[in-house]
Amino acid sequence: MTMCSNISGNKPHVIVIGAGGVGVIAALSLFHCNKTEVSLVVRSDYDHVKVHGYKISSCDYGDLEGWKPHHLYKNVEHAIKDDPKRFYQYVLVTTKNIPDGPFQSRVPEIIRPIMENNLTYHIDKKCNILLIQNGIEIESDILTTFNKTTYNYNILSGIQIIGSTKIDKGVINQQGHEHLSVGSFDSSDQDSILAAKNFISYYLNEGFNSIEFDERVRYSRWKKLLYNAAINTTTALVGLDVPRALEFGKDKKSTEFGIFRPAMKEIVRIAEAEGIILEDKFIDFFVNCTRDLLFKPSMCVDVQKHQLMEIEVILGNPIKLAKKYGVETPVLEMLYNLLILVQCKLKEEKGLIVFDEKISRLIDH
Ligand SMILES: *[C@@H]1O[C@H](CO)[C@@H](O)[C@H](O)[C@H]1NC(C)=O
Ligand SMILES: *[C@@H]1O[C@H](CO)[C@@H](O)[C@H](O)[C@H]1NC(C)=O
Ligand SMILES: *[C@@H]1O[C@H](CO)[C@@H](O)[C@H](O)[C@H]1NC(C)=O
Ligand SMILES: CC(=O)N[C@H]1CO[C@H](CO)[C@@H](O)[C@@H]1O
């Protein structure tokens, strides 16, 4: 507590990109642990937070007023410009992952300035990109964009379970205890595994948050997908919370037995084709775990806020894998095809796509 400020110049740097409910609590956990110097990229709330800091109501850390990490930036370019020679040992990406969204908001483009800056100044050092995001196969976009031989990096997976929401400009409400699991996407890469374990020591605040090493990242991601691919998607399509979506089904059964369970079984079969066994009890668990919780999954909230959804990493990628393995996924494909329409409706509202009513055709760019 007392001497740390003297050595702050020597602490490793971590940058957290994305300042929603997940990112701000991640920055707070790192800051509290006090072993790293923490930068946070705050896009839309930057001006507010720069002046007032964050107001955080957290079940783990209590109530904080005016909290700021060591550095705040508008975007990644701003962080690089501020100190081009600073090396970020860990780059935490907590933004939504929307590969079908605007080019500049895709994950590889968001981190590109750091990757390129490193090529100039830090090629001797290996940076660790930690994706704290939903979905499956999310690492491949980065691996295909940045050649691992040219750019020197590890890629780590983070799955965070936390009930934390940004409820207003600079205001975070964390209601659920933070639990993060961190591992290497490549489960055979010893250096990457070591980097994940090292991160845990920068992050763990005994008695406050929980963090554990995840040796089966792919398994954990498939498991989480059981819920996300079946339940978030359905509620997003119909705009209902989970209890209503279940109760409003024909004879109170059709949602559970006609949509949720069949969709989850398809996820089980895709994972199985990779040799990953998800037990049936998980299906029972996920169908029921929010049966009594009057809340809308985040994908449903996204639609209602007119924000793009993470449909590619939740459904598009699993369906692609299913095709590759020869697994039939009629329910997931129906959910996906319907959600693509909703996504395009949102894109049209935002002017990201143009439909010409004179000729009744979508204009290709
Ligand atoms: C990455 O770069 C190395 C060295 O330049 C090259 O040999 C290799 O083929 C590249 N890998 C990919 C996947 O492009
Ligand atoms: C799930 O909840 C339903 C309705 O409350 C109940 O009938 C069923 O036994 C529960 N299933 C499990 C596996 O707990
Ligand atoms: C699905 O909903 C849960 C609960 O809101 C959330 O934790 C998760 O991030 C959501 N996933 C997507 C892809 O929206
Ligand atoms: C993205 C970025 O900041 N790249 C920098 C890398 O280093 C060169 C040389 O100093 C700069 O010109 C670039 O702007």
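For ligands, and for the atoms within them, numbers begin at 1 and follow the listed sequence.
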Query raised in the report: N/O to N/O below 3.5 Å, does that happen between S298 and ligand 3?
Result: yes
**Report entry** Test: E77 and R112 ion pair at under 4.0 Å
**Finding:** no
Query raised in the report: ligand 3 and K296, any nitrogen or oxygen pair closer than 3.5 angstrom?
Result: no
Report task. Write out the residue and atom name of the closest protein heavy atom to atom 13 (C) of ligand 2, then the distance separating them to 0.1 Å. Result -> D284 CB, 3.7 Å
Query raised in the report: Looking only at side chains, do Y336 and T233 share a donor and an acceptor under 3.5 Å apart?
Result: no
Report task. For E310, take its heavy atoms, then give the atoms of ligand 3 lying under 4.0 Å from any of them. Result -> 12 (C), 13 (C)
Requested in this report: Among all protein heavy atoms, pick the one closest to atom 9 (O) of ligand 3 and tell me residue, atom and distance.
Outcome: N134 ND2, 2.9 Å
Query raised in the report: So which of N147, T144, L143 gets nearest to atom 2 (O) of ligand 1, if we judge by its closest heavy atom?
Result: N147
Query raised in the report: For the residue pair W67 and Y61, is the inter-centroid distance of their aromatic rings smaller than 6.0 Å?
Result: no
Query - Closest protein heavy atom to atom 4 (C) of ligand 3, given as residue, atom name and distance to 0.1 Å - result: F295 CE1, 3.6 Å
Requested in this report: Pull out every atom of ligand 3 sitting under 4.0 Å from any heavy atom of P297, numbered as shown with elements.
Outcome: 2 (O), 5 (O)
Query raised in the report: What atoms of ligand 3 come closer than 4.0 angstrom to any heavy atom of I314?
Result: 13 (C)
Requested in this report: Of all the heavy-atom pairs spanning P12 and K35, show the shortest one and how long it is.
Outcome: CD-O, 3.5 Å
Report summary line: Looking only at protein heavy atoms, what sits closest to atom 12 (C) of ligand 3 is N232 ND2, 3.1 Å
Report summary line: Short version for M299: what comes under 4.0 Å of ligand 3, heavy atoms counted, is both
Requested in this report: For atom 5 (O) of ligand 2, grab the closest protein heavy atom and report residue, atom and distance to one decimal in Å.
Outcome: R291 CD, 3.9 Å
Query raised in the report: Hey, what do you get for CD1 (I283) to CG (N288), rounding to the nearest 0.5 Å?
Result: 12.5 Å
Query raised in the report: Would you say ligand 2 has an N or O under 3.5 Å from any N or O of N288?
Result: yes
Query - Heavy-atom protein neighbour under 4.0 angstrom from atom 7 (O) of ligand 2 - result: no
